[in-house]
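Just so you know, residue 1 is the first one in the sequence shown, and it goes up from there.
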Amino acid sequence: MSPVEEQTMFRLVVVFAGLASTSSLAGRTEPGAGSWFVAAVYEHSVVLNPEPRVPLSRPAALQHMHNNLRVYEQQAALAAQQGAQILVFPEDGLQGFNFSRSSISGYLETIPDPKQESWNPCTEPGKHNNTEVLQRLSCMARRYNLYLVANMADLQLCPPKTGPSSCPSDGRWQFNTNVVFRSDGLLVARYHKHNLYFEEAFDKPPRPEITTFDTPFAGTFGLITCFDILFQEPTLTLLEKGVRQMIFPTAWMNQLPLLDTIQFQRAFSSGANVTLLAANIRSDRLIMTGSGIYTPTSATYHHAQRGDPEEGRLLVVRVPVLDPVRMEHGGITEEEVVWGQSTSSTASGYCHEENCFETAPPETPSSVPPSSSSTTFISSMMYDPYTFVLLNETQGEARVCNGTFCCRLQYWRLSPGGSRELYALGAFAGTHTVNGRYALQVCALVRCAGLEVTSCGQEVEEAQSKMDFLLEGWFGTRYVYPSVLVNGLVLEQPEHLETSADGRVTMKHSKMTDGLVTACLYGRMYHLDQE
């Protein structure tokens, strides 16, 4: 690598709250001292192995990982200078991707279970062999006095009594693994990714792991990795156990119009009412970018645009503590962190086509008379057959049903300069089966890629038409993740989000800063995944 290439690769960029793309609720009251902590995430432009299918010797693999660890070291120093107490690095950030089960062998280290033994790799380097990366990460946490989360490749021999059904034929498990080091270098948590995404080098653990760790500054955090965020195990189990702060290393490929990285990171934080520390890989070739630090009331994030230098990005942000135990002992209150969520009691059940809109929403955009809906049509969006209806007017009402699941929209549209853009309201209820299997109910207002109905549901990044809207659906799940994405892949926070006891979710937004790309209520029907 030339000096110029190295300078570009390792350019250090620090973004502070207020300088990054940020949204927050106006008029927020800051709680007293001790209720906040400083978090950092690093979006890493990983130094890749150009031939990942060719096995490397252990020294050669270590040299490769050293190139990435050197960047980690620089970023840890920068994060510490800004007062960070916890720093998160992305999935696959040390070795990269596309390894086979055999070609990754030089990168593997056996990571002891912190629940079974206490080990500080930095101060006890001789306790376990072939743990150079663990030692380096441990010393990094210790040197900069911060909790450090990294993702690496783990080798575990099958226990002697393990049956052949759960033990791979070569007698060992290879796991995609998050490790957490305390600020003194102690290894305090190890999590094996449960939901793999085309990862030939790794095994799915024999059983889901529900992994948390405690900190003195913010209480409890839960660990998930990339594709895990869409599934019941371990994510929903962590939520149901009351974990309110999540660590999320990821190597996420953007999927518009519903699952762009920052779009779903923000939606998950809002819908699950949690803090999410999300660190992604930066790779133009793989369409990877988008990291952030999200709370239910704010979002500080980075999303590279086309033509941006392919370089890393460090985010350092002061965020409120959401740990329930700490909140009970002088931290911020639940009322201070829950935005726009309320419940109301109604007698009606979940949505059926004949009675979708019998109950009027609590608030509607003013002066928006309903207009007749156009004929519905089917178009594929993210490999699922959505039922769509076009928005043919500048204002009005639209409704659409996919089976017995229905969505309604009231809208007022402003198209500057008379721009011609086609918008549609879509609904889907069913099991997504491409590149993963999971049950959904989705209401989505999207800008179509062109002026033909067949373009509705395709990827779009730009839009000019602003829209005041009220979007609602009747969901059979309480796990509904809301998002508003505008021109240039910028997030906006809805003005109002309400969940009713009958399953109705209402999202209202106005005064949009730029053209609307997508407004979405993404419902996960976890209980139907196996049907």
For the ring pair [X] and [Y], is the centre-to-centre distance below 6.0 Å?
X      : Y      : result
Phe227 : Tyr197 : yes
Phe99  : Phe202 : no
Phe181 : Tyr147 : no

Is any side-chain heavy atom of [X] less than 4.5 Å from a side-chain heavy atom of [Y]?
X      : Y      : value
Thr131 : Trp119 : yes
Arg190 : Asp154 : yes
Phe264 : Ile229 : yes
Glu109 : Arg58  : yes
Leu48  : Phe97  : yes
Val149 : Val179 : no
Arg172 : Gln156 : no
Arg101 : Asp170 : yes

Identify whether the distance between the nearest side-chain nitrogen and carboxylate oxygen of [X] and [Y] falls below 4.0 Å.
X      : Y      : value
Lys127 : Glu117 : yes
Asp284 : Arg306 : no
Lys115 : Asp113 : no
Lys193 : Glu199 : yes

Rounded to the nearest 0.5 Å, how far does [atom2] of [Y] lie from [atom1] of [X]?
X      : Y      : atom1 : atom2 : result
Ile86  : Arg182 : CD1   : CZ    : 13.5 Å
Thr431 : Met525 : OG1   : CE    : 9.5 Å
Tyr42  : Gln75  : OH    : CD    : 4.0 Å
Leu196 : Asp203 : CG    : CG    : 8.0 Å
Leu491 : Ser483 : CG    : OG    : 8.0 Å

In terms of ring plane angle, is the pair Tyr72 and Phe89 parallel, tilted or perpendicular, where the classes change at 30° and 60°? parallel
Mutual orientation of the aromatic rings belonging to Tyr294 and Tyr301 [parallel < 30°, tilted 30-60°, perpendicular > 60°]: parallel
[X] side chain vs [Y] backbone, donor-acceptor pair below 3.5 Å:
X      : Y      : result
Ser138 : Cys122 : yes
Asn195 : Glu233 : yes
Glu43  : Ser291 : yes
Thr212 : Gly222 : no
Thr177 : Phe175 : yes
Arg282 : Pro309 : yes
Gln265 : Gly290 : yes
Asn280 : Thr289 : yes

Kindly check if Cys158 and Cys167 bring their SG atoms closer than 2.5 angstrom. yes
Specify the closest pair of heavy atoms between Leu238 and Leu223, including all atoms of both residues, with the distance to one decimal.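 Heavy-atom minimum between the residues: CD1-O, 3.8 Å.
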Give me the atom names and distance for the closest heavy-atom approach of Asp92 to Gln95. OD1-NE2, 3.4 Å
ring-ring contact (aromatic ring centres under 6.0 Å, His included) between Phe475 and Phe405, worked out: CA-CA 7 Å; Phe475 290 83; Phe405 172 71; 5.2 Å; yes
Walk me through it: do Thr235 and Asp228 pass the test side chain to side chain donor-acceptor pair (under 3.5 Å)? CA-CA 7 Å; Thr235 305; Asp228 283 335; 5.9 Å; no
Working for ring-ring contact (aromatic ring centres under 6.0 Å, His included), residues Phe221 and Phe37: CA-CA 13 Å; Phe221 289 84; Phe37 69 101; 5.7 Å; yes
Please lay out, stage by stage, how Glu200 and Arg53 fare under the test salt bridge (charged side-chain N to carboxylate O under 4.0 Å, His left out). CA-CA 11 Å; Glu200 180 186 341; Arg53 311 293 289 187; 3.0 Å; yes
Hey, mind stepping through Val446 and Val460 against side-chain contact (heavy atoms from CB on, under 4.5 Å) and telling me if it holds? CA-CA 9 Å; Val446 297; Val460 175; over 6 Å; no
Checking side-chain contact (heavy atoms from CB on, under 4.5 Å) for the pair Tyr526/Arg524: CA distance, chi angles, key distance, verdict? CA-CA 6 Å; Tyr526 298 107; Arg524 271 293 282 115; 3.3 Å; yes
